[in-house]
Every structure is written in C-alpha cells, then in structure tokens.
Amino acid sequence: MRVGLDVGGSKTEGVAVAPDGSIVARVRRATGWGPDAVVETILGVVADLGAELGAEASGAAPQIASVGIGIPGQIAPGSLWVEHAVNLGIESLDLGDTVASTLGVQVYVDNDVRAAALGAAVLRGGSGSIGYLNLGTGIAAGIVTGFVTGSLAGSIAAAGSGRETVPAVWRGSRGAAGEVGHISVDPAGPMCRCGQRGCIEALAGGAALAERWGRPGTHPVGDIFDAAESGDPLALTLRGELARGVAAAVRILVLTTDVETVVLGGGLTALGARLHDDVRRELEAVAEASVFLRSLALADRVELLPPGSPAAALGAALSGAPEEGVLIHG
C-alpha cells in the first residue's frame with residue numbers, strides 16, 4: 001500500500017493507493033503553519049488514512065510500504081529537504097529527520113506541482129508528453145516528457161491502458177524545472193512579489209489577482225469573472241490579464257519543450273469553461289499574426305484537469321522510486 005500526500009497552504013490531502021492502482025482511501029486535514037505544524041499535519045494525515053484503512057479491514061490496517069509527499073518549495077532530486085516553502089512558513093526542513101524517522105517507512109518528497117504532473121499523466125492516460133500548468137495562489141508547471149518502461153502496476157492500472165509504462169517526470173538538475181511563474185512577459189506590467197514586473201504569476205496568480213481586485217469575498221477570482229460579465233472595468237482588465245498570463249505560460253511550455261498537451265490544473269480551474277474559453281481565445285488571437293504559431297495549434301493542445309481530481313496526492317504516492325520507472329532527468 002502506497003500513501004501520497006498533497007501538502008497545500010490551506011489543506012493537506014492524503015490518498016492510499018492499492019497495488020492494483022485503485023485509490024482506496026482519501027482524507028483531508030487543515031495544514032498547520034510553520035515546520036513543526038506541517039510535520040504534525042503530515043503525520044496526522046497518515047494516521048487518519050491508517051485508521052480509515054484499518055476500519056475497513058476489520059481493525060487491521062494494511063501495511064503502508066511508502067509515503068510520498070508533494071509539497072511546495074524547492075526539493076533537490078532524491079533529497080528529503082524542503083526549502084523556500086514560503087506559503088507554509090518553511091525556510092528549510094528535513095522531512096527525513098522528522099517524518100521518515102517517525103513513520104519508519106520509505107519516504108519520498110517531491111515538489112507538489114511535479115507530483116501533480118505525474119498524477120495528471122496517470123489519470124488522463126495516453127502516452128504523449130504533457131505540461132501540467134498549476135493555476136493556484138501562484139503559477140508553476142510540471143513536465144512529463146513521455147512514458148518509459150517500468151514495473152509500477154499502480155500507474156498502469158490507474159491509467160487504464162494495460163501498458164507496462166509509467167510517466168517520466170523532468171525535474172531538472174536542481175529540481176527547478178517548470179518554474180514559469182516568474183518569467184516576465186510584460187516589463188510594464190504589474191509588480192510581482194519577486195521584484196520583477198509583468199511576471200506570469202503577477203498577471204494570472206490567484207494571490208496577485210485577489211490583491212489587485214482589493215474587494216472582500218471568499219472566491220475573489222470567481223468574483224472577478226462574475227463582475228467582468230457585468231461590465232466592471234477593473235474586472236474586465238484583470239480577467240483579460242489572467243487569460244494573457246496563462247496563454248503566455250502555454251506558449252512558453254510548448255515552444256521550449258514541445259509537449260503534446262498542456263493540462264490546466266489547480267484551484268483556478270474551478271472556473272471551468274469560462275477560463276478555458278478565455279485562454280483559447282487569447283491563444284488564437286496571438287496566433288493570428290504568426291503563421292508559425294498557427295501551425296502549432298496551441299489552443300487545441302490545452303485541456304482542463306477534471307475538478308476534484310487528486311492528481312498531486314496520487315502523483316506523490318507513485319513518485320520517487322527509480323526502480324519503479326519514474327525517471328529523474330538531470
């Protein structure tokens with residue numbers, strides 16, 4: 001039994017994955033703030049999964065073989081150190097010294113977006129390369145370069161393909177592949193928290209949009225879309241810049257890696273067709289001036305991850321073991 005966790009700024013989701021690839025348990029907890037509280041959250045979610053599995057198995061929880069953790073921040077490939085997870089209050093944390101030593105099982109750690117890219121590739125099936133673009137508080141991408149031969153039965157079963165292949169995730173030499181959010185695409189654009197102007201994240205990140213919107217509400221980006229449909233000038237500007245930022249990220253992913261498909265995931269995809277249609281229109285508008293861009297059919301290469309998909313937690317459960325086919329490119 002494999003356990004995977006998606007540690008987010010507000011909540012942590014955990015799944016248990018059976019050897020046949022099926023998700024047999026799924027739990028959530030609020031995420032604590034700071035290193036100690038995050039470790040406590042992780043251990044609590046693993047305990048909750050064990051309790052749920054144990055209850056279903058007449059009081060005897062199945063043995064957990066490994067725990068994979070998808071978490072924001074920078075993680076060197078093969079390392080258990082998390083650095084610069086600012087939205088969790090973590091500057092540096094050794095999950096090997098804390099979580100692994102407490103649980104007594106093999107623990108793997110990966111950036112949450114790259115874990116989600118792996119999970120998304122498994123959930124959608126197919127065999128081609130994908131760029132997973134996470135649209136949430138910030139913006140980042142994970143890149144699946146294709147599928148390789150491997151023995152991870154869970155990936156095969158979850159993909160529903162019967163193929164003895166698993167996704168190959170590109171993490172880069174220092175674990176920073178796919179950090180597209182801080183590429184500036186408009187030097188005269190809004191200021192980004194990184195110090196540059198016009199970063200993709202400043203245009204399309206949920207936190208930046210909420211700050212620029214400046215009006216109270218539980219779902220500020222949804223409010224922006226609603227207000228734009230009523231003709232609000234600021235909302236129209238912000239909604240247009242969101243589409244422009246996401247479209248720029250799509251172009252960057254395709255032009256630098258030539259992935260076959262760009263999958264949009266993360267909290268902002270709850271906007272559904274409204275977001276998808278805006279991004280398609282922006283891609284088509286930009287391509288009008290370029291025969292080359294039109295030849296790439298960018299708008300047709302974008303799809304949404306279904307809402308509620310546990311991509312990051314599933315990817316975390318399946319990631320990290322080279323002997324099981326997950327490729328770490330350097």
Side-chain angles (χ1 to χ4, degrees), residues 113-136 138-148 155 158-161 163 165-172 177-183 185-186 199-201 203-205 239-307 309 311-312 314-315 327 329:
V113 176
R114 279 177 279 287
L118 171 60
V122 169
L123 288 169
R124 72 182 295 275
S127 59
S129 57
I130 72 166
Y132 173 82
L133 186 59
N134 191 75
L135 309 176
I139 305 290
I143 300 164
V144 174
T145 58
F147 285 67
V148 296
S155 289
S161 64
R163 294 176 289 100
T165 57
V166 291
V169 180
W170 183 29
R171 292 173 173 83
E179 294 292 348
V180 299
H182 295 294
I183 296 175
V185 294
D186 182 1
C199 289
I200 288 172
E201 187 167 304
L203 296 171
R239 181 168 173 173
E241 290 189 352
L242 167 57
R244 186 157 61 96
V246 175
V250 171
R251 286 196 303 276
I252 288 166
L253 284 171
V254 174
L255 291 172
T256 56
T257 66
D258 197 27
V259 289
E260 294 182 24
T261 305
V262 177
V263 178
L264 306 182
L268 297 191
T269 57
L271 294 163
R274 294 195 292 176
L275 173 65
H276 193 191
D277 291 346
D278 281 5
V279 173
R280 284 182 59 90
R281 279 192 292 267
E282 178 68 21
L283 288 167
E284 289 167 349
V286 172
E288 280 297 315
S290 169
V291 174
F292 171 62
L293 287 180
R294 289 201 301 275
S295 74
L296 298 177
L298 294 173
D300 295 332
R301 294 162 79 163
V302 178
E303 59 185 57
L304 290 181
L305 189 69
S309 299
L314 174 62
L327 221 57
H329 292 270

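Computed over heavy atoms, backbone and side chain alike; hydrogens, waters and symmetry mates excluded. Keep in mind it's a predicted model, so treat the numbers as computed, not measured.
Across I139 and E201, no two heavy atoms sit closer than the pair N-OE1, 3.1 Å. The nearest pair of heavy atoms linking A312 to A115 is O-CB, 3.7 Å. The shortest non-hydrogen separation linking V185 to A248 is CG1-CB, 3.9 Å. When every heavy atom of L293 is checked against every heavy atom of R251, the shortest pair comes out as CD1-CD, 4.3 Å. When all heavy atoms of A311 and L305 are compared, the closest pair comes out as CB-CD2, 3.8 Å. In plain terms, the two heavy atoms of V180 and I200 that are nearest each other are O-CD1, 3.6 Å.
At a threshold of 4.5 Å between non-hydrogen side-chain atoms, the residues L255 and F292 count as touching. Counting heavy atoms from C-beta outward, V279 and L275 have side chains that approach closer than 4.5 Å. In this structure, V259 and I130 have side chains that are not in contact, with every pair of non-hydrogen atoms separated by 4.5 Å or more. When side chains are defined from C-beta on, D300 counts as touching R280, because their heavy atoms get closer than 4.5 Å.
Distance check, rounded to the nearest 0.5 Å: CG of L242 to CD of E282 gives 10.0 Å. A distance of 14.0 Å separates CG in L118 from CD1 in I143, rounded to the nearest 0.5 Å. If you take CZ on R301 and CG on L296, they are separated by 6.0 Å, rounding to the nearest 0.5 Å. Separation of atoms CZ (R244) and CG (D186) is listed at 5.0 Å; rounding is to 0.5 Å. Atom CG of L304 sits about 11.0 Å away from atom CG of L133, to the nearest 0.5 Å. Atom OG in S129 sits 10.5 Å away from atom CG in L253 (nearest 0.5 Å).
For R294 (side chain) and E288 (main-chain N/O), a donor-acceptor pair under 3.5 Å exists by modelled atom type.
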